[in-house]
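Step one of this worksheet: look at the structure below.
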Amino acid sequence: MKFYSGVSLRGLRDQNGFSVYTFMGGAILAAVIIGALLYFPWKEVFKGKQDPDMAAAYSAMADKQWEKAVSFFDKAAKSNPGNAEAFIGRSRAYLHLGRLDKAFDDAKTALEKDPGSAAAYGQRGIVNKIQRNTDQALQDFSSAVKLNPRYAWAYAQRADIHSRNKDQDKALADVTLAIKSNPNFIDAYRLQAWVLNRMGRCREANEAFKKVEQLNSNDAWSIQDKAWFLLTCPDEKLQDSSKALELAKKALELSEGKDGVVHETLAEAYFRQGDPVKAVDHQRKAIELGSQRCPDGSCVKEMQQRLQKYEMAARQEVRTGYEILPLDSGQ
């Protein structure tokens with residue numbers, strides 16, 4: 001779905017909310033990677049500053065014109081080689097383009113230019129995280145929050161890593177710091193909900209999802225997250241497949257049917273509601289959309305397993321060798 005670098009590399013997840021997509025032929029781990037910069041106001045970042053190339057680069061980022069942004073960051077870096085911001089920005093643009101090696105090199109260069117930059121550590125951290133260099137990513141995010149104790153996005157990224165490592169206590173502590181640093185950080189509440197869910201604290205997770213809804217009631221990802229939660233939370237008293245189906249349909253409409261994760265959530269909702277035929281249709285669409293991001297098929301294996309479950313439920317049983325009529329004429 002949306003993007004990554006500051007970035008939200010959101011993808012398909014297993015029953016507990018973990019992502020199972022890989023992107024760029026398996027090179028990039030898709031995750032519910034918390035994206036503080038998902039709606040980052042790029043056009044405002046350089047407002048009032050003098051460098052026209054940087055201003056043009058951030059404007060291109062705001063318009064999702066990644067190649068154009070790279071070009072302007074190139075110019076800014078050449079005119080001012082000591083400008084760490086230019087290398088951080090270009091690294092983010094490269095991430096959007098899937099050029100991880102270049103993204104890492106620019107983040108590393110930014111740190112060489114400005115060793116005291118929390119943003120540079122954060123940028124190198126997200127590249128390491130996407131490349132599955134988990135230990136290095138944790139170190140980078142820790143350095144970032146040490147330099148900037150109110151760096152909400154870095155806390156959330158570190159929390160996500162802890163949660164994937166099944167250390168939910170550390171994850172909850174970090175995501176709490178992220179929310180404290182930025183009380184309007186929607187994706188941090190989303191992550192908090194999933195951490196609580198993984199801890200078996202479903203009622204608290206439900207309250208976190210309610211907070212997400214209060215902050216943004218029309219975000220397709222948040223809506224499908226709540227739907228998946230209502231389908232899979234360990235507390236069966238909180239499960240509600242009917243409400244989940246309603247939410248999944250809304251998410252499908254908001255995403256214009258272009259998001260595989262939403263189709264997968266809708267498929268499970270239809271399955272739980274006793275309509276495996278529609279579940280098959282939406283799961284196939286989810287696999288189709290997922291495969292576009294992962295040509296080798298590695299990112300859709302779990303989705304295909306779930307499809308088999310739906311297909312088995314939808315199959316009509318026929319006894320081809322069973323004689324319904326008597327063999328003799330009866331006369």
Side-chain angles (χ1 to χ4, degrees), residues 1-21 29-40 126 129-130 141 151-166 168 170-235 238 240 243-244 247-248 250-252 254-255 259-262 264-266 268-269:
M1 179 179 170
K2 305 197 177 168
F3 56 83
Y4 43 92
S5 131
V7 163
S8 180
L9 241 197
R10 296 160 162 179
L12 296 179
R13 75 276 92 137
D14 64 18
Q15 184 166 316
N16 295 315
F18 287 101
S19 294
V20 295
Y21 254 162
L29 173 63
V32 183
I33 294 181
I34 306 307
L37 304 182
L38 182 57
Y39 301 109
F40 197 78
I126 193 61
K129 183 181 178 184
I130 293 170
F141 292 132
Y151 199 170
W153 177 79
Y155 282 123
Q157 292 289 352
R158 194 170 67 176
D160 189 45
I161 293 175
H162 286 317
S163 185
R164 293 174 188 285
N165 290 339
K166 303 189 186 307
Q168 307 304 341
K170 284 186 178 179
L172 185 59
D174 267 349
V175 79
T176 300
L177 287 171
I179 292 171
K180 183 178 180 181
S181 299
N182 183 358
N184 294 317
F185 190 175
I186 296 175
D187 281 338
Y189 287 103
R190 291 180 64 236
L191 178 59
Q192 182 188 52
W194 284 117
V195 170
L196 289 167
N197 186 52
R198 292 163 188 164
M199 297 174 81
R201 295 161 62 174
C202 293
R203 294 192 179 279
E204 293 173 76
N206 192 45
E207 292 303 311
F209 276 122
K210 287 181 180 179
K211 182 63 177 180
V212 173
E213 186 176 4
Q214 290 172 7
L215 290 171
N216 188 349
S217 60
N218 287 307
D219 176 61
W221 263 87
S222 299
I223 292 170
Q224 71 84 30
D225 260 5
K226 179 64 180 288
W228 190 261
F229 169 75
L230 291 174
L231 292 167
T232 62
C233 67
D235 186 347
L238 287 177
D240 188 340
K243 180 65 175 178
L247 291 173
K250 182 178 179 180
L252 186 72
L254 289 170
S255 64
D259 196 292
V261 181
V262 175
E264 187 180 39
T265 300
L266 188 56
E268 183 68 15

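A quick note: this is a predicted structure, and the numbers were derived from the prediction, not measured. Computed over heavy atoms, backbone and side chain alike; hydrogens, waters and symmetry mates excluded.
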Evaluate side chain to side chain contact (heavy atoms under 4.5 Å, CB included) for Lys226 paired with Asn206, printing each intermediate quantity in order. CA-CA 8 Å; Lys226 179 64 180 288; Asn206 192 45; 3.2 Å; yes
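Note: Arg203 CZ to Asn197 CG = 13.0 Å, rounded to the nearest 0.5 Å. The distance from atom CG of Leu238 to atom SG of Cys202, rounded to the nearest 0.5 Å, is 6.0 Å. Atoms CG and OH, from Asn182 and Tyr155 in turn, are 12.5 Å apart once rounded to the nearest 0.5 Å. Note that the CD1 atom of Ile126 and the CD atom of Gln157 stand 3.5 Å from one another [nearest 0.5 Å]. Rounding to the nearest 0.5 Å gives a distance of 5.5 Å between CG of Asn218 and CD1 of Ile223. Atom-to-atom distance recorded for Leu191:CG and Ile186:CD1 is 14.0 Å, nearest 0.5 angstrom.
For Lys243, the salt bridge (charged side-chain N to carboxylate O under 4.0 Å, His left out) test picks out Glu246, with sequence neighbours left out.
Contact check for His162 versus Gln168: no side-chain heavy atoms found under the 4.5 Å cut-off. Counting heavy atoms from C-beta on, the side chains of Asp160 and Lys129 come closer than 4.5 Å. Between Tyr151 and Ser181 the shortest side-chain heavy-atom distance does not fall below 4.5 Å. Asp187 has its side chain out of reach of Trp153: every pair of non-hydrogen atoms, C-beta onward, lies at least 4.5 Å apart.
In summary, the aromatic rings of Trp194 and Phe209 are positioned with their centroids under 6.0 Å apart.
Scanning all heavy atoms of the two residues, the minimum distance from Ala220 to Leu254 falls at CB-CB, 3.9 Å. Closest non-hydrogen pair, Leu215 versus Asn184, comes out as CD2-OD1, 3.7 Å.
The residues Asp174 and Lys170 are annotated as not salt-bridged, no charged nitrogen and carboxylate oxygen being separated by less than 4.0 angstrom.
Looking at Tyr189, its side chain does come within 3.5 Å of a backbone N or O of Pro183 through a donor-acceptor pair. Judged by distance alone, with hydrogens and angles left aside, the side-chain atoms of Thr265 form a donor-acceptor pair with the main-chain N or O of Val261 at under 3.5 Å. A donor-acceptor pair is defined here as one N or O able to donate and one able to accept, closer than 3.5 Å; no such pair exists between the side chain of Gln224 and the backbone of Ala248. Put simply, the side chain of Ser163 never gets that close to the backbone of Ala159: no donor and acceptor are under 3.5 Å apart. In this structure, the side chain of Asp219 engages the main chain of Ser222 through a donor-acceptor pair within 3.5 Å.
Taking a 6.0 Å sphere around CD of Glu213, one finds it holds 12 or fewer heavy atoms contributed by other residues, nucleotides or ligands.
Looking at Thr176 and Gln192, their side chains never bring a donor and an acceptor atom within 3.5 Å of each other.
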